[in-house]
Number of protein chains: 2
Amino acid sequence: MSTPCHCVQLRKAARKIGAQYDAALAPIGINIAQFSLLRAVERGQPVSLTELGRTLDLDRSTMGRNVRVVEKLGLVRLDRGEDQREAVVSLNEHGVAVLRLAEPLWERCQRQVADQLGPTRLQLLGELSQLF
Amino acid sequence: MSTPCHCVQLRKAARKIGAQYDAALAPIGINIAQFSLLRAVERGQPVSLTELGRTLDLDRSTMGRNVRVVEKLGLVRLDRGEDQREAVVSLNEHGVAVLRLAEPLWERCQRQVADQLGPTRLQLLGELSQLF
DNA sequence: GATCGTTGCGGGCATATACCCCTTATTCAT
DNA sequence: ATGAATAAGGGGTATATGCCCGCAACGATC
């Protein structure tokens, strides 16, 4: 019979786990994609959209849109870089505050997921993301 | 320092693998989500949107939209069920033909991905999707 | 048979994601 | 120095996905 599609399996797992993280972060009004973005901004700030895209391995245009969302939430500032083509992103105070509030929620969820999966399968995730 | 987020890792892997399947299926004009949907329709036809959503573990409204896409591609037929509330989906001839064409492309990609991952990680991936 | 709770869909809204094309800015080779 | 190639963004388009709300149909109960 038909083997399950590896891709479909992976997407399903990603959806389910994503929903867990989203629920964990919901109390402060951000989701896991936004949390991940804010962390990347904090690590690199001020950082261009292209650079962010490289870091998070997302399309440049996707970055532009995702950044616009957190900008609308009032969490980041967008400026022009020295290179006049670049749009550089940094956290504003609100963004920093939200990130600090989010971190413990994220950590708790991260631990729960780790428990759900167990060490072997958890290691798989790291290996998978390395492979690509 | 900051541990990588399990969710972000998973999403990244899913994006990357998804892109491989999408590229493999591109010659016949469908993507992996649509392929997966067409297979589910064939297995269950005629099948209601709610039932499909349960099978694929997707939100009902998502199913409605995804089905509309393959309908626009001319691959499925939508009818009313006996229960007048139900919209039931079946493949039309074109849908069957496309599915038959897609299968070998999908299988090749599936094998390539399996090789990339190796048996151990592949097994873990199966376990992972079972967890949900 | 009228009513009420349940179920199935569709539409609205929002986000994440990718691709393509266009404009503008920078860089590089001649 | 100048013209070509390249890089950064922005906007358009499209799909996948989820939540919420409202409408319509169904079924059980009175």
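Each chain gets a letter, A, B and so on, in the order its sequence line appears, and its residues count up from 1. What you see below is based on every heavy atom in this structure, not just the backbone, and it leaves out hydrogens, waters and symmetry mates.
Residues A:Gly18 and B:Cys7 come closest through the heavy atom pair CA-SG, 3.6 Å. Between A:Arg15 and B:Asp57, the closest heavy-atom pair is NH2-O, 3.1 Å. Across every non-hydrogen atom of B:Leu25 and B:Trp106, the tightest pair is CD2-N, 4.1 Å.
Distances shown here put every side-chain N or O of B:Asn31 at or beyond 4.0 Å from the OP1 or OP2 atom of D:dT15. When the side-chain nitrogen and oxygen atoms of A:Arg15 are compared with OP1 and OP2 of D:dG18, one or more of them lie within a distance under 4.0 Å. A close approach under 4.0 Å does not occur between any side-chain nitrogen or oxygen of A:Lys72 and OP1 or OP2 of C:dA14. Distances shown here put every side-chain N or O of A:Gln84 at or beyond 4.0 Å from the OP1 or OP2 atom of D:dG9. Proximity of A:Ser61 to the phosphate of C:dT17: no side-chain N or O atom is located under 4.0 Å from OP1 or OP2. OP1 or OP2 of D:dT15 has not a single side-chain nitrogen or oxygen of B:Asn66 nearer than 4.0 Å.
Counting only N and O atoms by type, the side chains of B:Gln123 and B:Glu127 include a donor and acceptor under 3.5 Å apart.
Going from atom CZ of A:Phe35 over to atom P of C:dT15 covers 19 Å, rounded to whole Å. Residue B:Arg65 contributes atom CZ, which lies 12 Å from atom P of D:dA16 at whole-angstrom precision. Separating the CD atom of B:Glu86 from the P atom of C:dT7 is a distance of 13 Å, rounded to the nearest angstrom. Computed from coordinates, the A:Glu71 CD to C:dT15 P distance equals 13 Å when rounded to whole Å. Atom-to-atom, CG of B:Leu49 to C1' of C:dT7 comes out at 13 Å; the value is rounded to the nearest Å. Remark: P of D:dG27 and CD of B:Glu82 are 10 Å apart, rounded to the nearest angstrom. When the P atom of D:dT17 is taken as reference, atom CD of B:Gln34 falls 10 Å away, rounded to whole Å. Note: CG (B:Asp59) to P (C:dC9) measures 12 Å, nearest angstrom.
Taking only side-chain atoms of A:Ser48, from C-beta outward, the nucleotide of D:dG9, C:dA16, D:dG18 with the closest atom is D:dG9. For A:Arg80, the side-chain atoms get nearest to D:dG9 when compared with the rest of D:dG9, D:dT17, C:dG10. Checking D:dG9, D:dA8, D:dT17 against the side-chain heavy atoms of B:Thr62 singles out D:dT17 as nearest.
Counting distance only, with no hydrogens placed and no angle test, the side-chain atoms of A:Arg60 and the base atoms of D:dG9 include a donor-acceptor pair under 3.5 Å.
Place B:Ala19 and B:Asp83 on DNA chain C by their nearest nucleotides, and B:Asp83 ends up nearer the 5' end. Projected onto DNA chain C by closest heavy-atom contact, B:Thr50 and A:Arg85 fall at different nucleotides, the more 5' of which corresponds to B:Thr50. Nearest-nucleotide positions on DNA chain D for A:Arg54 and A:Arg11 put A:Arg54 closer to the 5' end.
A side-chain donor-acceptor contact under 3.5 Å links B:Thr55 to the backbone of B:Glu51. Side-chain N or O atoms of A:Arg77 include none that pairs as donor or acceptor with a backbone N or O of A:Val89 at under 3.5 Å.
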